[in-house]
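Residue indices begin at 1 and follow the sequence shown.
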Amino acid sequence: MTKYLVIYEPAENGGWGAYSPDLPGCVACGDTKAKTEELMREAVPMHIEAMREIGELVPDPHHETGFIAA
């Protein structure tokens, strides 16, 4: 199973947005972070399937995360 990085960001209106930097155009928005996570779990495989259907190459994940204390 391939794992793709997903970035979650709080929105100004109190909701949440998410995107995957390795899958341009794969995004989701929800009222809560939990709902946004649920939507991204659905969006990522659907996005990959759509890419394959139109003949686009599905990129391997290459983004990583880390934290630095300051």
Side-chain angles (χ1 to χ4, degrees):
M1 173 180 281
T2 304
K3 293 182 180 182
Y4 287 90
L5 173 66
V6 174
I7 306 295
Y8 296 95
E9 298 178 333
E12 290 180 16
N13 68 357
W16 284 81
Y19 66 96
S20 177
D22 292 316
L23 298 169
C26 186
V27 299
C29 297
D31 292 334
T32 64
K33 185 178 177 196
K35 180 61 176 177
T36 305
E37 288 174 354
E38 176 186 333
L39 293 171
M40 279 303 283
R41 279 193 297 276
E42 296 170 3
V44 168
M46 287 178 16
H47 191 84
I48 290 170
E49 181 180 339
M51 291 178 75
R52 288 182 177 140
E53 286 177 1
I54 62 173
E56 287 188 28
L57 292 176
V58 177
D60 290 328
H62 63 274
H63 285 86
E64 296 181 18
T65 62
F67 292 93
I68 297 174

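Interatomic distance, CD1 of I7 versus OG of S20, reported as 8.0 Å (0.5 Å rounding). Interatomic distance, CG of L23 versus CD of E56, reported as 10.5 Å (0.5 Å rounding). Distance check: C26 SG to M40 CE gives 4.0 Å after rounding to the nearest 0.5 Å.
H47 places a side-chain N or O within 3.5 Å of a backbone atom of P24 that can act as its donor or acceptor partner. Between the T36 side chain and the C29 main chain, no donor and acceptor come within less than 3.5 Å of each other.
Hydrophobic clustering places I48 together with V6 (ILVMFWY residues linked when any side-chain heavy atoms are closer than 4.5 Å, directly or through intermediates). Connection of Y4 to M51 is established within a shared hydrophobic cluster, with ILVMFWY side chains joined at heavy-atom distances below 4.5 Å, either directly or through further cluster members. The hydrophobic cluster containing V27 does not contain V58, counting ILVMFWY residues as joined when their side-chain heavy atoms lie under 4.5 angstrom apart, directly or transitively.
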Side chain to side chain contact (heavy atoms under 4.5 Å, CB included) between K35 and W16, worked out: CA-CA 9 Å; K35 180 61 176 177; W16 284 81; over 6 Å; no
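Of all non-hydrogen atoms in P59 and D22, the two that sit nearest each other are CG-O, 3.0 Å. Contact record, H63 with L5: CB-CD2, 3.6 Å, taken as the closest heavy-atom pair.
Remark: I54 CD1 is packed, more than 12 non-hydrogen atoms of other residues, nucleotides or ligands lying under 6.0 Å away.
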